[in-house]
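Supplied in structure tokens, the structure appears directly below.
Note that ligands are numbered from 1 as they come in the structure, with each ligand's atoms numbered from 1 the same way. Residues: numbered from 1 along the sequence shown.
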Amino acid sequence: MGFSVGLVGLPNAGKSTVFNALTAAGAEVGAYPFTTVGRNLGARVIPDERLDTVARITRPVKVTPTALEIVDIAGLVPGAHRGEGLGNQFLGHIREVDLIGHVVRCFENERVAPVDGRADPVRDAETVELELALADLDTVERRLERARRRAKGGVGADQADVETLERLRESLARGIPARRLALASGATALVRELFLLTSKPHLYIGNVSDQDFEVAAAIGANRSEPGGSPRGPTSPGLAGWAALVAHAARSGTPAVPVAAAVEAEWAALPITERALWQEEFGLAISGGVSLVRAAYEHLNVMTFYTVNENEARAYTVTKGTSAVAAAGKVHTDMEKGFIRAEVVRFSDLERAGSMAAARQKGTLRAEGRDYVVQDGDILYFRFAPPAN
Ligand SMILES: Nc1nc2c(ncn2[C@@H]2O[C@H](COP(=O)(O)OP(=O)(O)O)[C@@H](O)[C@H]2O)c(=O)[nH]1
Ligand SMILES: [Mg+2]
């Protein structure tokens, strides 16, 4: 499985609706919805025009896109860090994901009660963020106690740990996420070891009403102010979304609007009926494509491809992955017996029009195990099969 996005947020923010919109839209391939206590797992195929082109050129039997795992995590209530609600279990689920998709409710609906009184997206977002920071504070304090005991032994490294942990504690206590703290390069290993929730990349998902969606998207892209709405006066939902966008900008966090209810309804339709329904609705419904793209970009990942006559396939890996590690994503035998990778850039293959032509033009290169794979590379691994 590829990378995962965990949906967190207050009850009734629309997490499960976003989950349904994403997973049902991608159900053509590889959806595997199942539920355990406190979470749902599913997958959303990542739309990939380059893979379509590769497949058109190489005509394989099968085309396999890469997918984003979506985890719908229930149970965040104030006090979760102390074990209230689903508490610890919930925090454990968040610890496992690669990116936090923080769903914030930006729609008004008399049938869905806001958590406490009036809808206020920034307050809701801060409630969740504080809960995550307090859970991390707990982790850091426990580690700090240990580090202090060890530092008494007079080891310099332990003293450095104490200083790092004290800085972390101080900022977490003020609700500042760990990812916003610039730490010395020597401290990164320690921080990684702590698996802090607030050190994960974070993305806001504003759940807006379908009437607000287009203006919300423009506000999110800094193209419009809520007052510029073609519908005249600003709706409370839009004002809330605009405030959330400003809140997100202060911490350099991306914010993406989604009209979750409509997207989920659309995604539940048979594929043959989707286009017609969308036309009637007059809305650019996409099964959350912009959300998936934003998550993908924020994960610091890239895509490489493998092709043969059977299959054209996309793989998602962290930027900076070496050729031998990429081979390991395809098959452990390829990693163990790695000889070399034959590499064509996507643009060269597209220009050449076939693998044979790319080879003839000399755009197919042989690279060794340490070659740093580039986004869009098409890789063919030469390897020695295991002897047995
Ligand atoms: N009007 C409106 N209702 C929504 C929207 N998204 C979710 N809801 C409703 O809000 C309620 C809570 O949604 P749900 O996804 O279960 O929230 P969760 O508790 O965060 O998982 C449900 O009744 C949804 O139908 C939306 O975009 N617009
Ligand atoms: Mg839910």
Checklist line | Donor on one side chain, acceptor on other, S4 and E96, under 3.5 Å | finding: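 Absent: no donor and acceptor within the cut-off.
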
Item checked: Within-2.8 Å protein N/O/S contacts of the Mg ion (ligand 2) -> S16 OG

Margin query: Quiz question: by atom type and distance under 3.5 Å, do the side chains of D48 and Y296 form a donor-acceptor pair?
Written below: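 Per modelled atom types, D48 and Y296 side chains form no pair under 3.5 Å.
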
Check: Atoms of ligand 1 less than 4.0 Å from L10 heavy atoms?
Finding: 20 (O)

Item checked: Y380 atom OH: more than 12 heavy-atom contacts under 6.0 Å ->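 Open.
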
Item checked: P11 contact mode with ligand 1 (heavy-atom cut-off under 4.0 Å) ->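 The backbone, only.
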
Next item on the list: Counting heavy atoms only, name the option from V103, V262, T17 that's nearest to atom 7 (C) of ligand 1.
Entry: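 Among V103, V262, T17, the closest heavy atom to atom 7 (C) of ligand 1 comes from T17.
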
Margin query: Is it the case that ligand 1 has an N or O less than 3.5 angstrom from some N or O of A13?
Written below: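 It does: an N or O of A13 is found under 3.5 Å from an N or O of ligand 1.
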
Notebook entry, point to check: If hydrogens are left out, which of V104, V8, N12, L7 has an atom nearest to atom 12 (C) of ligand 1, that is, the closest non-hydrogen atom?
Noted result: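 Going through V104, V8, N12, L7 one by one, N12 has the nearest heavy atom to atom 12 (C) of ligand 1.
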
Notebook entry, point to check: Should S209 be counted as touching ligand 1, given the test is an N or O pair under 3.5 Å?
Noted result: no

Checklist line | Residue portion contacting ligand 1 (non-hydrogen atoms closer than 4.0 Å) for N207 | finding: side chain

Checklist line | Pairing residues for R351 by the side-chain contact (heavy atoms from CB on, under 4.5 Å) criterion, not counting sequence neighbours | finding: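 Here the qualifying residues are S347, D348.
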
Checklist line | Stacked cation flag R192 on F195, 6.0 angstrom / 45 deg | finding: no

Margin query: Below the 3.5 angstrom mark, is there an N/O of K15, backbone or side chain, next to an N/O of ligand 1?
Written below: yes

Notebook entry, point to check: Between D138 and R142, does at least one N-O distance fall below 4.0 Å, as a salt bridge requires?
Noted result: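 Salt bridge present between D138 and R142.
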
Margin query: I want to know if ligand 1 touches G14 in the polar sense, i.e. an N/O pair below 3.5 angstrom.
Written below: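 Looking only at distances, the answer is yes, because the N/O contact criterion of under 3.5 Å is met.
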
Margin query: For F304 together with Y315, are the ring centres under 6.0 Å from each other?
Written below: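 Y315 vs F304: aromatic centres under 6.0 Å.
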
Note to self: Going by the rule salt bridge (charged side-chain N to carboxylate O under 4.0 Å, His left out), which residues pair with E342 if we only count those two or more places apart in sequence or in a different chain?
What the structure shows: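 Listed in chain order: R340, R359, R382.
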
Notebook entry, point to check: For the residue pair H247 and Y204, is the inter-centroid distance of their aromatic rings smaller than 6.0 Å?
Noted result: yes

Margin query: For A325, give me all partners under side-chain contact (heavy atoms from CB on, under 4.5 Å), at least two apart in sequence or on another chain.
Written below: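 T321, S322.
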
Note to self: Within the 4.0 Å heavy-atom shell around V208, which atoms of ligand 1 are there?
What the structure shows: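 The list of qualifying atoms is 27 (O).
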
Next item on the list: Would you tell me whether T303 and T316 have side-chain atoms, one donor and one acceptor, within less than 3.5 Å of each other?
Entry: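 Result is no, nothing qualifies.
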
